[in-house]
Amino acid sequence: MDAPATFTLSFFRSFTLSLSLMSTPVRVRFAPSPTGPLHIGGVRTALYNYLFARKMGGQMLLRIEDTDQNRFVPGAEEYILEALRWVGIEIDEGQGTGGPHAPYRQSERRDIYQKEARRLVDEGKAYYAFDTAEELDAMRKRLEEANAPAAQYNAITRMQMRNSLTMKADDVRARMEAGEPYVIRLKTPRKEEVRLNDLIRGWVNVHSSAIDDKVLLKSDGLPTYHLANIVDDHLMGITHVIRGEEWLPSAPLHVLLYRYLGWESTMPQFAHLPLLLKPEGNGKLSKRDADLGGFPIFPLQWTDPVTGQVARGFREDGYLPEATINFLALLGWNPGTEQELFTMDELIASFELTQVHKAGARFDIQKAQWFNHQYIRQQPDTALAPAVQQQAEAAGFSCSPEKAEKIAALLKGRVNFAQEIFAEADTIFNAPTSYDEAIATAKWNDDAVKAVTAFRDALIPFDGEFVAETIKHTLSDAMTQAGIKQGKIMQAMRLALTGSGAGPDLMLTMEIIGQDETVKRLEKALDNLKVLKS
RNA sequence: GGCCGAUUCGUCUAGCGGUUAGGACAUCGCCCUUUCACGGCGGUAACACGGGUUCGAUUCCCGUAUCGGUCACCA
């Protein structure tokens, strides 16, 4: 911590995570591209970044990687911000929040990247290239036909292409002045072993011959991901890059870039997360799976601005944010305990990057539903009631807040989603218009008629508080007087009141529908149900 | 195809040389209950394969297979 901190830091950084963490504040970033709705896998990446940042007492940044003008989708950035807010991921610095390293939108930082790209050219670590798309295609085709080991722009092929390494300096300058389009490419070394120590996977070695001369700066003047993310991560003081496994193959290239830019000593640590896979079959989770399986893979509903197509969201489907993050957190990570239910604070407390699983995880919506069930039943009735009331009123029923609350209390344990409560409450709002035939046949007998009649007769003069407890007593007294065993006629009683053989607690159901309605339903049953066999 | 990565019940996973291989979802059964659920209890179910290393491998090493990712002026 004290005097030799700088030395200690750079020396131990690559070996000991904890040591460097004690010395430098952790800074992580979530850097999505605004090309559409944020994928649920992206939400998980953001979540792991957030958990790690909070756990380490560090900061979480949000950067928008919009360097591809062609793929820009209006509304996507707002969607990202809202999705993160919804699941409870707080951004300390970045787009939508601000901070000392603004702007946080890469399209607004082009001068910064251009400066660094030119510096690389000046230092002989990159070069200008004028090849057209057709020329590149021709080169790849030629190499493929020649059965070359790799059809790429690299240390071998670059000398046959049109670039500042093969052209005269005057020629290069003249073309640039004439406005001919060009890119800046990395001059990848021919023979070099690039190593990187991934926090989740350990050492990964790649030979530089496998890395091609990646375009760093595109002909439109904007950087590619590779350049932009390194420049920004460095400038913004990022200490840990936590991202999806799809970046692992290009990670050695990034190490090379840090080296060439002279920033290797403060290079962030890398952690590559396993991917989310299709529920069944092969490949990674895609929008198609959502359509096929009838479940969301986006946090929020999204309407495509061009096609108008609507993609469902976890939020709109009725998943609670708590359930969503709990589900996501455990998809690829496990604290090693047997705890399944975690609040955000508990996740933060127990999260460890080193405990992130290495293999991809199949997306299982059933588990998500189970988590939602757990959180729905924990919700206070008052939190669930407004939605019930709203749905009821929208369907043309009058429903007081008190009634909605009672309904929520009665049914929340039976459902996976809040909106299912109203559907389950159908027998409360609607008197039966028909009766379950199987139950009627089996249970509607002479005793049942006698029991229902007796109960009705006991209910009409009843003037106490009409609540489950007193109803229960009234019923049992009536049955005793009539000489009927209560257990024998309960199914019939339920049938008379709800038309169904199954449902929630009957006494509470009666309490909610009220005394008058209860009596009315009993009479209606007596009028409409016939004893088929005695 | 080249390169990189991965591989424990159907699924998510624990395990980090010696375990009756544990938990959760799903599934099945029992109990609870007026019923259906919920809940409780229990059952079925896994170390991809082949070589090593070792007294001993799910665990370490090497192959094979399979799966995943990546090979753009997209991120």
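Only this structure's heavy atoms are used, side chains among them; waters, hydrogens and symmetry mates stay out. Residue numbers begin at 1 in each chain, while the letters A, B, ... track the order of the sequences.
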Could you measure between the two [atom1] atoms, the one in [N] and the one in [M], and give it in whole Å?
N: B/C3; M: B/C61; atom1: C1'; value: 22 Å
N: B/U13; M: B/G69; atom1: P; value: 16 Å
N: B/A6; M: B/U58; atom1: C1'; value: 16 Å
N: B/U44; M: B/C28; atom1: C1'; value: 7 Å
N: B/U19; M: B/U59; atom1: C1'; value: 12 Å
N: B/C9; M: B/A14; atom1: P; value: 12 Å

At what distance, to the nearest 0.5 angstrom, does [atom1] of [X] lie from [atom2] of [Y]?
X: A/Arg110; Y: A/Leu222; atom1: CZ; atom2: CG; answer: 4.0 Å
X: A/Arg175; Y: A/Ser164; atom1: CZ; atom2: OG; answer: 12.0 Å
X: A/Ile64; Y: A/Ser33; atom1: CD1; atom2: OG; answer: 8.5 Å

**Asked** Aromatic rings A/Tyr128 and A/Tyr182: how do their planes relate, parallel, tilted or perpendicular, breaks at 30° and 60°?
**Response**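 Geometry flag for A/Tyr182 against A/Tyr128: perpendicular rings.
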Measure from the side-chain heavy atoms of [X] and tell me the nearest of [options].
X: A/Arg414; options: B/C36, B/U7, B/U13; value: B/C36
X: A/Trp370; options: B/A26, B/G23, B/A75; value: B/A26
X: A/Leu506; options: B/A72, B/U34, B/U13; value: B/U34
X: A/Tyr225; options: B/A75, B/U34, B/A6; value: B/A75
X: A/Glu246; options: B/G69, B/G22, B/A24; value: B/G69
X: A/Pro249; options: B/G69, B/C38, B/G68; value: B/G69
X: A/Arg494; options: B/U35, B/A6, B/C3; value: B/U35
X: A/His373; options: B/A75, B/C12, B/C38; value: B/C38
X: A/Glu245; options: B/A14, B/C73, B/G5; value: B/G5
X: A/Gln491; options: B/C74, B/C12, B/U35; value: B/U35

N/O (side chain, [X]) to phosphate O (OP1/OP2, [N]) under 4.0 Å:
X: A/Lys218; N: B/C74; result: yes
X: A/His357; N: B/A14; result: yes
X: A/Arg185; N: B/C73; result: yes
X: A/Lys284; N: B/U70; result: yes
X: A/Thr67; N: B/A75; result: yes
X: A/Asn205; N: B/C4; result: no

**Item:** ring pair (Phe, Tyr, Trp, His ring centres under 6.0 Å) evaluation trace for A/Phe270 with A/Trp247
**Value:** CA-CA 10 Å; A/Phe270 291 100; A/Trp247 293 112; over 10 Å; no
**Request:** Look at the side chain of A/Lys367 and the base of B/A24, then say whether one donor and one acceptor between them are separated by less than 3.5 Å.
**Result:**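 By the distance-only test, yes, there is a pair.
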**Item:** Side-chain donor/acceptor contact of A/Arg362 with base of B/U11 under 3.5 Å
**Value:**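 No such pair is found, so the answer is no.
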**Message:** On RNA chain B, does the nearest nucleotide to A/Ala133 precede the nearest nucleotide to A/Phe371 from the 5' side, or the other way round? Give the residue.
**Reply:**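 The residue closer to the strand's 5' end, by nearest nucleotide, is A/Phe371.
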**Item:** Donor + acceptor pair across side chains of A/Tyr319, A/Asn416 (<3.5 Å)
**Value:**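 Result is no, nothing qualifies.
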**Message:** Please enumerate all residues that pass side-chain contact (heavy atoms from CB on, under 4.5 Å) together with A/Pro279, with sequence neighbours excluded.
**Reply:**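 Result, side-chain contact (heavy atoms from CB on, under 4.5 Å) vs A/Pro279: A/Leu285, A/Asp289, A/Phe295.
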From [atom1] of [X] over to [atom2] of [N], roughly how many Å is that when rounded to an integer?
X: A/Leu275; N: B/G68; atom1: CG; atom2: P; answer: 11 Å
X: A/Gln366; N: B/C25; atom1: CD; atom2: C1'; answer: 7 Å
X: A/Phe270; N: B/G5; atom1: CZ; atom2: P; answer: 15 Å

In the structure shown, which nucleotide is the Watson-Crick or G-U wobble counterpart of [N], with both distances under 3.5 Å?
N: B/U20; result: none
N: B/G56; result: none
N: B/A46; result: none
N: B/A65; result: B/U7

